[in-house]
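Here the structure is laid out as structure tokens; the discussion comes afterwards.
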Amino acid sequence: MNVNFLLPVRYIRDLATLVVAYGISINLVEVTWKSKIKAQFPNPNDYSAFMGDFSTATGAVTFTMMILSRYIFKYFGWGTAALITPTVLLITGIAFFSLVLFSDAVAPTLKALGLTPLMAAVLVGAAQNVFSKSSKYSLFDPCKEMAYIPLDDEVRREGSEQGCVWGFGLSSLCWTGRLCQPLGLLLHGSW
């Protein structure tokens, strides 16, 4: 990995930053969501059944989005396609974390709907993960690869390799605990 190649080329650095930001964002939601699933479904069989339904939903929505992505690119363009994934992640992330952080405030409303705050957080988190993953696979990844097209061959090849390696590496590093675990301990007293 040649960081000397990555840092001076702003275009490549921005693409790597985009990949890191997505990775950290999705991991932040996913780690919190999975802890809520474990609390809602302490029985391993129930947990597995829920995750199986989640995987099926992710596959079905992703398949549908792959078909729709062709039309999104054709009629709305690359810019709109590129904005869909972060917009989905932002809106669904706000909904999910609002349920997690303000569960006491929304408990009466949820009770009227026949839901506990925990189950509502699990369901909204599932929807968040389904839609953000499907938009990532069908729109974010193709947009990221299209962004390399205008570059010359060497910059395209090196930039794509370095951007993916550094982008994936840094976002994974953060969530393996080397960077974020101390922050979690500091802010919450546990991880």
Side-chain angles (χ1 to χ4, degrees), residues 10-37 40 51 54-55 57-107 109-110 113 115 117-148 163-164 166-176 179-181 183-184 187-188 191:
R10 182 173 181 212
Y11 193 84
I12 302 299
R13 193 175 60 240
D14 290 349
L15 287 170
T17 301
L18 188 68
V19 172
V20 170
Y22 174 82
I24 290 172
S25 299
I26 195 65
N27 284 328
L28 176 65
V29 174
E30 203 167 81
V31 166
T32 307
W33 174 61
K34 285 187 178 175
S35 72
K36 298 298 177 188
I37 298 171
Q40 179 65 38
M51 291 306 289
F54 164 74
S55 294
T58 301
V61 172
T62 301
F63 179 76
T64 303
M65 283 297 296
M66 288 289 190
I67 294 168
L68 290 175
S69 68
R70 174 182 175 182
Y71 300 101
I72 292 169
F73 280 108
K74 182 177 180 179
Y75 295 110
F76 300 103
W78 183 91
T80 299
L83 287 173
I84 290 175
T85 301
T87 302
V88 166
L89 193 54
L90 176 68
I91 292 169
T92 58
I94 288 171
F96 172 71
F97 281 113
S98 294
L99 282 169
V100 170
L101 296 173
F102 306 114
S103 59
D104 293 338
V106 297
T109 304
L110 293 173
L113 298 172
L115 291 171
L118 179 59
M119 188 61 183
V122 167
L123 294 174
V124 169
Q128 188 281 332
N129 273 275
V130 165
F131 290 112
S132 64
K133 285 178 188 280
S134 67
S135 65
K136 180 205 186 282
Y137 300 145
S138 62
L139 297 168
F140 180 85
D141 289 345
C143 283
K144 180 184 67 167
E145 293 306 316
M146 286 178 199
Y148 290 106
C164 288
W166 281 97
F168 178 75
L170 287 175
S171 63
S172 296
L173 175 68
C174 183
W175 290 102
T176 58
L179 296 176
C180 291
Q181 190 171 23
L183 183 61
L187 296 174
H188 303 288
W191 183 247

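With sequence neighbours excluded, no residue satisfies salt bridge (charged side-chain N to carboxylate O under 4.0 Å, His left out) with K36.
Here the straight-line distance linking atom OG1 of T58 with atom CZ of F131 works out to 9.5 Å at 0.5 Å rounding. Interatomic distance, CG of L89 versus CD1 of I94, reported as 10.0 Å (0.5 Å rounding). Put simply, NZ on K74 and CD1 on I72 are 13.5 Å apart, with the number rounded to the nearest 0.5 Å. A distance of 5.5 Å separates CZ in F54 from NZ in K133, rounded to the nearest 0.5 Å. L90 CG to L83 CG: the interatomic distance, rounded to the nearest 0.5 Å, is 11.5 Å. From M66, atom CE reaches atom OG1 of T64 across 11.0 Å, with rounding to the nearest 0.5 Å.
V122 approaches W33 most closely through the heavy-atom pair O-NE1, 2.9 Å. Across all non-hydrogen atoms, the minimal contact from S132 to Y22 is O-OH, 3.7 Å. Taking each heavy atom of V19 and F140 in turn, the nearest pair found is CA-CZ, 4.4 Å. Between I84 and S135, the shortest heavy-atom contact is CG2-CB, 4.3 Å. What you find for V88 and T92 is that their closest heavy atoms are O-OG1, 2.6 Å. The heavy-atom pair separating S134 from M65 by the smallest distance is OG-CG, 3.8 Å.
In this structure, the side chain of S138 does not engage the main chain of T62 through any donor-acceptor pair within 3.5 Å. Judged purely by atom type and a 3.5 angstrom limit, D141 has no side-chain atom pairing as donor or acceptor with the backbone of Y137.
Put simply, the side chain of F102 does not reach to within 4.5 Å of the side chain of P117, judged on heavy atoms.
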